[in-house]
Amino acid sequence: YFGYTAVFMGVNGVPKLMDLLDEPLPGVGTYEDFNTIDWVREKSKDRDRHREITNKSKESTWALMKSVSDAFSGWLLMLLIGLMAGALAGGIDISAHWLTDLKGGVCLNGFWFNHEHCCWNSNETTFVERDKCPQWKSWAELIIGTAEGSFAYIVNYVMYVCWALLFAFLAVSLVRAFAPYACGSGIPEIKTILSGFIIRGYLGKWTLVIKTITLVLAVSSGLSLGKEGPLIHVACCCGNILCHVFTKYRKNEAKRREVRKTHRLVLFYVEFHSPWHLLELVPFILLGIFGGLWGAAFIRANIAWCRRRKTTRLGHYPVLEVLVVTAVTAVLAFPNEYTRMSTSELISELFNDCTLLDSSKLCDYINVNITKSSNELADRPASTNVYMAMWQLALALVFKMLITVVTFGMKVPSGLFIPSMAVGAIAGRLLGVAMEQLAYYHHDWVIFRGWCSPGADCITPGLYAMVGAAACLGGVTRMTVSLVVIMFELTGGLEYIVPLMAAAMTSKWVADAIGREGIYEAHIRLNGYPFLEAKEEFSHKTLAMDVMRPRRSDPPLSVLTQDSMTVEDVETLITETSYSGFPVVVSHESQRLVGFALRRDLTISIENARRRQDGIVSTSRVFFTEYTPPQAPSSPAPLKLRSVMDLSPFTVTDHTPMEIVVDIFRKLGLRQCLVTHNGRLLGIITKKDILKHMAQMANRDPDSILFN
């Protein structure tokens with residue numbers, strides 16, 4: 001069992017201490033909460049595991065089957081994650097549709113039917129009013145027996161607000177009581193976790209259950225938030241939970257993070273019938289400028305609001321904050337049909353390319369002419385209903401831009417994809433209709449001559465809405481190529497890649513000119529997560545000796561010696577310091593580096609040795625060497641801890657430029673790096689030191705980095 005040691009004659013007659021710590025010890029090699037994993041060690045463990053399986057596979061058929069099973073487990077895990085995440089996403093979507101419609105009424109055929117499903121099989125539904133059927137009753141019809149009149153409007157208004165407040169209250173209460181990590185979008189934390197940081201419970205079972213339930217409630221409450229960002233958190237929870245079924249993922253932090261790297265969202269499907277013209281790049285670029293300006297302004301306003309929430313009494317009352325914002329949202333949203341409907345439904349309507357089958361006010365044109373192909377409609381003059389819809393959309397645009405600032409970051413699940421796309425889609429549709437009417441009434445202008453003749457379908461307002469959505473989403477998140485790929489999947493048409501790319505790139509350039517950070521990077525910095533942004537440049541001419549600890553005014557670096565310390569000395573060092581690990585040197589005088597030992601591994605090893613190995617006392621000498629000198633017969637049993645020591649810690653010289661050090665930390669995922677001069681240990685640089693130095697160089701508060 002662990003800790004049993006035996007002495008046998010080693011090389012040149014020097015007694016060698018057998019160390020059965022080479023066998024796996026529970027807890028050794030694991031990490032504490034709010035610490036960074038050692039990517040190099042995890043990758044090395046996985047290579048050793050794979051090498052062992054490969055070598056054993058040649059010995060027997062059973063070992064070969066285990067090798068095949070190990071190779072296949074990755075594909076099986078991906079399948080299980082896809083099935084589980086897809087099933088949860090489908091359930092969330094269906095439930096959110098039902099609860100959203102419940103705010104307006106109920107189906108007599110079954111309360112579990114949403115409005116659309118309720119009217120599917122109705123024989124009395126007319127083409128013009130497809131959403132009206134006898135089976136669906138508004139709350140006014142159920143309570144006072146009529147759907148007409150001002151009193152009925154007030155009843156529906158009050159019921160809408162009450163349902164919204166109930167859903168929001170349940171959401172924030174469940175989050176506070178059972179899973180505080182279930183709030184927000186989860187993307188900043190996921191990015192930090194994927195970079196190697198550990199936040200215990202963030203991807204756990206309770207977080208998954210509560211996030212799934214409260215996401216439905218939060219979306220249904222009508223708050224200006226989306227479910228697509230939190231769905232990434234849900235999918236990562238599924239991946240983390242299912243990883244524990246497979247040994248190679250359960251025991252390796254780096255392998256677990258590989259499972260959660262790729263996510264793709266396809267939110268809507270749209271189809272456009274008309275190609276775009278080269279001159280339309282001008283309004284598309286204007287939408288990109290709008291998206292960049294709004295994205296940068298939103299980030300600044302939201303971060304300022306969230307910082308105020310953290311530093312004032314506002315943050316002490318999250319339930320009250322959610323209820324107040326929900327009440328304001330519901331009261332202001334109900335009178336406008338484009339803010340009353342769910343944001344996903346709004347975006348779908350804005351993306352829509354009008355045909356003869358559409359009964360929306362956005363498609364209520366006059367003097368409709370059918371073109372030669374199918375039921376495609378030519379450009380035509382707008383009716384009073386279209387102009388009314390434009391005014392409502394303009395008010396909805398202002399409302400969404402303002403209310404989203406205070407909504408994102410509250411203590412409920414809240415995504416930003418859908419609200420950002422809604423802002424851009426509204427702006428795009430407004431510009432698209434304006435261009436359409438301009439082309440209709442002034443088709444003889446130079447800019448329209450030759451490609452937009454009377455009776456032709458020149459301008460597609462739905463395309464403008466999609467380009468605007470891409471621009472605003474890009475301005476907030478700073479996505480470019482991946483954003484265009486997502487939008488391309490919506491249309492399936494290669495011809496729309498250029499407008500999307502033009503808007504997305506313009507949006508990013510404009511937003512970057514105002515501020516370099518996207519919304520998720522800004523929230524990572526706000527929360528003080530130890531995340532090294534790969535795209536952030538470090539061009540300052542500082543050296544490793546300028547950043548390493550200890551500084552000139554600090555006490556000497558806490559180190560372990562390879563053969564001159566006792567168990568009591570090591571325990572005292574662990575008790576009196578809070579460091580995550582300690583360099584191991586030959587002696588205090590020479591300071592020649594031998595290796596590095598983690599605090600957690602030392603603690604677990606000593607505790608197990610005291611409990612299981614006879615003779616281990618406070619005066620027992622601790623050895624990090626391969627061979628030990630002869631011990632006096634009266635000496636207590638020695639404790640060998642060489643197996644918990646990293647024999648090849650990363651080192652840099654004291655004159656290494658920090659630009660190179662930062663690059664090493666980014667690309668290798670280091671948690672610490674030792675600084676030497678001619679082989680002599682001088683100090684240590686941790687990831688936290690890197691982040692503090694970068695913040696200081698950028699004139700930010702270095703103490704904003706909260707975690708180790």
Side-chain angles (χ1 to χ4, degrees), residues 33-34 92 96 99 103 161-190 192 199-204 206-227 229-234 237 298-333 343 400 402-416 418-419 519-520 522-529 704 706-707:
D33 203 6
F34 301 122
I92 290 170
L99 289 182
K103 292 187 298 183
V161 174
C162 290
W163 279 113
L165 288 171
L166 175 62
F167 295 155
F169 177 74
L170 290 174
V172 69
S173 299
L174 288 172
V175 167
R176 275 178 58 84
F178 298 104
Y181 285 151
C183 67
S185 73
I187 293 181
E189 289 78 10
I190 295 297
T192 307
I199 307 178
R200 299 287 181 204
Y202 199 83
L203 302 176
W206 266 114
T207 302
L208 174 62
V209 172
I210 299 301
K211 185 116 186 181
T212 301
I213 297 171
T214 55
L215 179 55
V216 173
L217 294 168
V219 171
S220 305
S221 69
L223 286 167
S224 183
L225 48 83
K227 56 181 178 292
L231 281 176
I232 293 178
H233 188 185
V234 169
C237 288
F298 171 81
I299 291 170
R300 288 194 175 186
N302 180 253
I303 293 300
W305 179 262
C306 291
R307 187 174 286 115
R308 179 179 176 82
R309 180 187 290 135
K310 293 178 68 174
T311 57
T312 63
R313 298 189 66 180
L314 179 65
H316 298 161
Y317 305 100
V319 176
L320 180 61
E321 181 193 12
V322 169
L323 291 179
V324 169
V325 174
T326 303
V328 172
T329 302
V331 169
L332 296 179
T343 313
K400 290 286 186 184
L402 295 177
I403 203 67
T404 306
V405 170
V406 298
T407 303
F408 186 69
M410 292 196 306
K411 297 302 181 184
V412 292
S414 54
L416 195 56
I418 289 295
I519 185 64
Y520 301 125
H523 272 267
I524 285 173
R525 182 163 59 83
L526 177 69
N527 293 323
Y529 295 139
S704 62
L706 304 177
F707 297 102

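Looking at every heavy atom in both residues, L203 comes nearest to I190 through CD2-CD1, 3.6 Å. The two residues Y520 and S185 have their closest heavy-atom pair at CE2-OG, 3.8 Å. Of all the heavy atoms in P413 and V175, the pair that sits closest is CD-CG2, 4.1 Å. A164 and S221 make their closest contact through CB-O, 3.2 Å (heavy atoms, listed as atom of the first residue, atom of the second, distance). The minimum heavy-atom distance linking D33 with R200 is given by the pair OD1-N, 2.8 Å.
Considering V322, T329, L323, V324 as possible partners of T326, the one that fulfils the side chain to side chain contact (heavy atoms under 4.5 Å, CB included) test is V322.
Listed by chain and number, the residues in a side chain to side chain contact (heavy atoms under 4.5 Å, CB included) with S414 are L225, F408 (sequence neighbours excluded). Qualifying side-chain hydrogen bond (donor to acceptor under 3.5 Å, both in side chains) partners for T404, counting only residues two or more places apart in sequence or in other chains: S224. Qualifying salt bridge (Lys or Arg N to Asp or Glu O under 4.0 Å) partners for K103, counting only residues two or more places apart in sequence or in other chains: none. Looking at residues two or more places apart in sequence or on another chain, you find no salt bridge (Lys or Arg N to Asp or Glu O under 4.0 Å) involving R176.
The CZ atom of F169 lies 11.5 Å from the CG atom of L320; values are rounded to the nearest 0.5 Å. Residue I519 holds its CD1 atom at 12.5 Å from CZ of R300, rounded to the nearest 0.5 Å. Rounding to the nearest 0.5 Å places CG of L416 at 8.5 Å from CD1 of I187. The distance from the CD1 atom of I303 to the CZ atom of R308 is 15.5 Å, given to the nearest 0.5 Å. Between the SG atom in C183 and the CG atom in L174 there is a gap of 13.0 Å [rounded to 0.5 Å]. Note that the CZ atom of R309 and the CG atom of L526 stand 9.5 Å from one another [nearest 0.5 Å].
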Review item, side-chain donor-acceptor pairs of residues 209-218, under 3.5 Å, at least two apart:
from : atom 1 : to   : atom 2 : distance (Å)
K211 : NZ     : A182 : O      : 3.3
K211 : NZ     : G184 : O      : 2.8
K211 : NZ     : H233 : ND1    : 3.0
T212 : OG1    : L208 : O      : 2.7
T214 : OG1    : I210 : O      : 2.6

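Between I418 and K227, the closest side-chain pair of non-hydrogen atoms is not below 4.5 Å. N527 has its side chain within reach of K310: a pair of non-hydrogen atoms, C-beta onward, lies under 4.5 Å apart. Side chains of E189 and H523 form no contact here, defined as non-hydrogen atoms less than 4.5 Å apart.
The ring-ring contact (aromatic ring centres under 6.0 Å, His included) analysis of residues 298-330, with sequence neighbours excluded, yields the pairs W294-F298.
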